[in-house]
Amino acid sequence: VQLQACGGGLVQPGGSLRLSCAASGRTFGTYAMAWFRQAQGKEREFVAGISWSGATTEYADFVKGRFTLSRENRKNTMNLRMNSLKPEDTAIYYCAADSVEYGPRQDEYDYWGQGTLVTVSS
């Protein structure tokens with residue numbers, strides 16, 4: 001599975017962005033997916049995860065109520081809708097695929113996208 005993240009950019013505080021992760025291969029629907037992010041000078045951290053079917057999701061506390069994760073298996077895509085963005089959301093966002101389940105442990109993921117930069121600034 002190859003992953004391609006896109007949708008990042010510059011947005012003002014309080015604004016919105018939608019990140020997408022496009023996957024190659026016909027097995028996308030069998031993978032749990034997640035977004036991680038890494039701010040400059042900080043470690044990469046879990047943002048949100050979604051089960052292979054899309055039935056369950058999990059969010060880090062710092063994005064709950066602001067971010068919404070979804071997926072369209074027929075289109076091999078996963079989307080992260082980010083609302084009420086804050087300067088502290090500035091980071092490179094990475095999508096990842098896990099053949100078992102999503103979770104915060106990065107070493108359990110099988111595939112990673114290249115990252116897309118989100119900058120929240122006035």
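As a basis for the values below, the full set of heavy atoms in this structure was taken, side chains included, without hydrogen atoms, waters or symmetry mates.
- Residues S16 and V11 form no side-chain contact, since every pair of their non-hydrogen atoms from C-beta on lies 4.5 Å or further apart.
- Atom CG of D110 is separated from atom CG of D98 by 5.5 Å, given to the nearest 0.5 angstrom.
- Between atom CZ of residue R71 and atom OG of residue S20 there is a gap of 13.0 Å, rounded to the nearest 0.5 Å.
- Residues R66 and M82 fail the side-chain proximity criterion, which asks for heavy atoms closer than 4.5 Å.
- Crowding of Q38 atom CD: a count of heavy atoms from other residues, nucleotides or ligands under 6.0 Å exceeding 12.
- Y93 is not connected to Y102 by any chain of hydrophobic side-chain contacts under 4.5 Å among Ile, Leu, Val, Met, Phe, Trp and Tyr, and they are in different clusters.
- Listed by first then second residue, pairs satisfying ring-ring contact (aromatic ring centres under 6.0 Å, His included) with a partner in residues 39-79 read F36-F46, not counting sequence neighbours.
- Cluster membership check: V63 does not share its hydrophobic cluster with Y94, using side-chain heavy-atom separations under 4.5 Å among Ile, Leu, Val, Met, Phe, Trp and Tyr.
- Atom OG1 of T116 and atom CZ of R37 lie 14.0 Å apart (nearest 0.5 Å).
- A salt bridge between K64 and D61 is present, with a side-chain N of the basic residue lying under 4.0 Å from a carboxylate O of the acidic one.
- Without hydrogens or angle criteria, Q114 side chain to A5 main chain gives a donor-acceptor distance under 3.5 Å.
- With M33 as the partner, the side chain to side chain contact (heavy atoms under 4.5 Å, CB included) test is satisfied by one option alone out of Y111, F28, Y109: F28.
- If you chain together hydrophobic residues whose side chains sit under 4.5 Å apart, V1 and L69 fall into the same group.
- Between atom CG of residue L117 and atom CD of residue Q40 there is a gap of 10.0 Å, rounded to the nearest 0.5 Å.
- The CG atom of L80 sits 10.5 Å away from atom SG of C21, with the distance rounded to the nearest 0.5 Å.
- Closest non-hydrogen pair, P13 versus S121, comes out as CD-C, 3.6 Å.
- When the side chains of ILVMFWY residues are joined at heavy-atom separations under 4.5 Å, either directly or via intervening members, W35 and I92 end up in two distinct hydrophobic clusters.
- Put simply, SG on C95 and CG on N79 are 10.5 Å apart, with the number rounded to the nearest 0.5 Å.
- A side-chain donor-acceptor contact under 3.5 Å links R81 and N83.
- E45 approaches Q106 most closely through the heavy-atom pair N-NE2, 4.2 Å.
- The shortest distance between side-chain heavy atoms of M78 and L3 does not fall below 4.5 Å.
- No donor-acceptor pair under 3.5 Å is formed between the side chain of T119 and the backbone N or O of T90.
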